[in-house]
Amino acid sequence: MEKFYLSYSSGKDCILALDTLTKQGFQPAGLITSLNEEIDRSWFHGVPENVLANAAVALNLPLVVVRTNGENYEEQMTLALKKIKEAGITNICFGDIDIEENGAWDKRIAASAGLTPHLPLWQRGRQELVAEFLTSGYQAMIKTVSKKSGIPLEFLGKPLDKNFVEYLVKHELDVCGENGEYHTLVTDGPLFSQPLTFKAKGIYESPYAYSLIIE
């Protein structure tokens with residue numbers, strides 16, 4: 001059984017990719033995630049290291065945390081992936097769906113570390129993927145909404161569910177949030193040994209989005 005690491009964002013797509021590749025017969029061996037060293041939280045999703053560590057415990061997987069900034073992101077990620085390769089892992093899994101630039105980056109950084117990239121969600125329908133997630137047994141919370149999307153703040157901290165998806169469809173927004181309309185935090189599901197624990201401590205406003213602050 002071939003082992004793989006998951007490029008872990010904490011959101012629905014990476015967890016669905018983890019679940020999919022595992023069901024295809026691969027064995028998850030760990031998680032790798034990047035922290036924005038300026039704010040000490042994960043890029044885009046804004047999750048602190050202690051919550052990421054709690055998620056790794058819940059998933060029964062080791063966690064590699066890579067501290068980066070906007071200038072050295074790819075360099076530091078490549079170095080970390082090379083260490084994973086040296087430890088005997090040959091595969092890396094990504095949760096990207098169909099944005100060509102993202103898929104090309106995944107393949108490039110995997111190649112630079114000598115790993116085989118796997119994108120098990122690639123080119124699948126976005127509505128299909130959200131529907132699969134909602135029936136998969138996993139639970140996700142709305143962590144961030146972009147200002148441009150106009151998604152009401154009332155959705156922050158609420159579950160990713162049929163009601164939220166219906167709102168997105170009604171307002172002609174991408175149901176997967178692939179353009180940054182929203183981000184999620186997966187809190188429980190079939191591969192979790194226990195629910196993810198954290199505390200909500202208000203809302204952070206950036207120039208582009210609103211994000212639930214968790215600790």
Side-chain angles (χ1 to χ4, degrees), residues 4-24 26 28 31-36 41-47 52 55 66 68-78 80-81 91-113 115-134 136 138 140-151 155 160 164-186 206-211:
F4 70 94
Y5 258 65
L6 172 72
S7 178
Y8 177 66
S9 69
S10 77
K12 60 177 176 49
D13 297 330
C14 76
I15 292 297
L16 191 57
L18 170 67
D19 188 90
T20 302
L21 199 59
T22 300
K23 288 176 178 175
Q24 290 176 1
F26 289 80
L31 311 172
I32 181 169
T33 193
S34 59
L35 283 190
N36 181 335
R41 291 174 180 265
S42 65
W43 288 89
F44 307 115
H45 290 239
V47 180
L52 296 168
V66 186
T68 67
N69 57 48
E71 295 181 355
N72 68 7
Y73 186 95
E74 185 163 336
E75 176 187 359
Q76 292 302 313
M77 287 295 291
T78 299
L81 289 174
N91 302 281
I92 179 73
C93 176
F94 301 94
D96 288 301
I97 300 172
D98 58 16
I99 296 179
E100 292 294 339
E101 180 181 358
N102 294 347
W105 187 90
D106 296 340
K107 294 172 183 177
R108 184 175 73 250
I109 197 169
S112 67
L115 297 172
T116 300
H118 295 269
L119 289 80
L121 310 186
W122 192 250
Q123 295 296 339
R124 291 183 57 190
R126 297 184 185 186
Q127 296 238 18
E128 171 196 354
L129 288 171
V130 171
E132 180 177 332
F133 185 87
L134 292 180
S136 66
Y138 290 100
M141 175 191 76
I142 308 303
K143 174 70 172 60
T144 300
V145 296
S146 74
K147 290 182 174 180
K148 185 178 180 180
S149 71
I151 297 172
F155 279 113
L160 172 62
F164 182 67
V165 173
E166 287 177 349
Y167 174 90
L168 298 174
V169 173
K170 179 180 179 180
H171 292 83
E172 299 182 345
L173 297 170
D174 180 4
V175 294
C176 274
E178 279 296 276
N179 302 303
E181 291 89 345
Y182 72 96
H183 294 298
T184 57
L185 174 69
V186 179
S206 76
Y208 309 104
Y210 296 97
S211 185

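- By the ring-ring contact (aromatic ring centres under 6.0 Å, His included) test, Y208 pairs with no residue at all, sequence neighbours left out.
- Judged purely by atom type and a 3.5 angstrom limit, K143 uses its side chain to pair as donor or acceptor with the backbone of H45.
- Of all non-hydrogen atoms in F94 and I109, the two that sit nearest each other are CZ-CG2, 4.1 Å.
- Pairing each heavy atom of F133 with each of V186, the nearest pair is CZ-CG2, 4.0 Å.
- Counting only residues at least two apart or on different chains, the side-chain hydrogen bond (donor to acceptor under 3.5 Å, both in side chains) pairs with a member in residues 115-131 are N91-H118, D98-R126, R124-E128, R124-E132, R126-D174.
- The salt bridge (Lys or Arg N to Asp or Glu O under 4.0 Å) search around K170 returns none, not counting sequence neighbours.
- In plain terms, the two heavy atoms of I32 and A80 that are nearest each other are CD1-CB, 3.8 Å.
- Scanning for ring-ring contact (aromatic ring centres under 6.0 Å, His included) contacts around Y182 gives F164, with sequence neighbours left out.
- Y73 and W105 have tilted rings, their planes meeting at an angle from 30° to 60° on a 0 to 90° scale.
- Atom-to-atom distance recorded for K23:NZ and L18:CG is 10.5 Å, nearest 0.5 angstrom.
- Contacts of D106 classified as salt bridge (Lys or Arg N to Asp or Glu O under 4.0 Å), with partners at least two apart in sequence or in another chain: none.
- When the side chain to side chain contact (heavy atoms under 4.5 Å, CB included) test is applied to N72, the partners found at least two apart in sequence or on another chain are T68, N69, E75, Q76.
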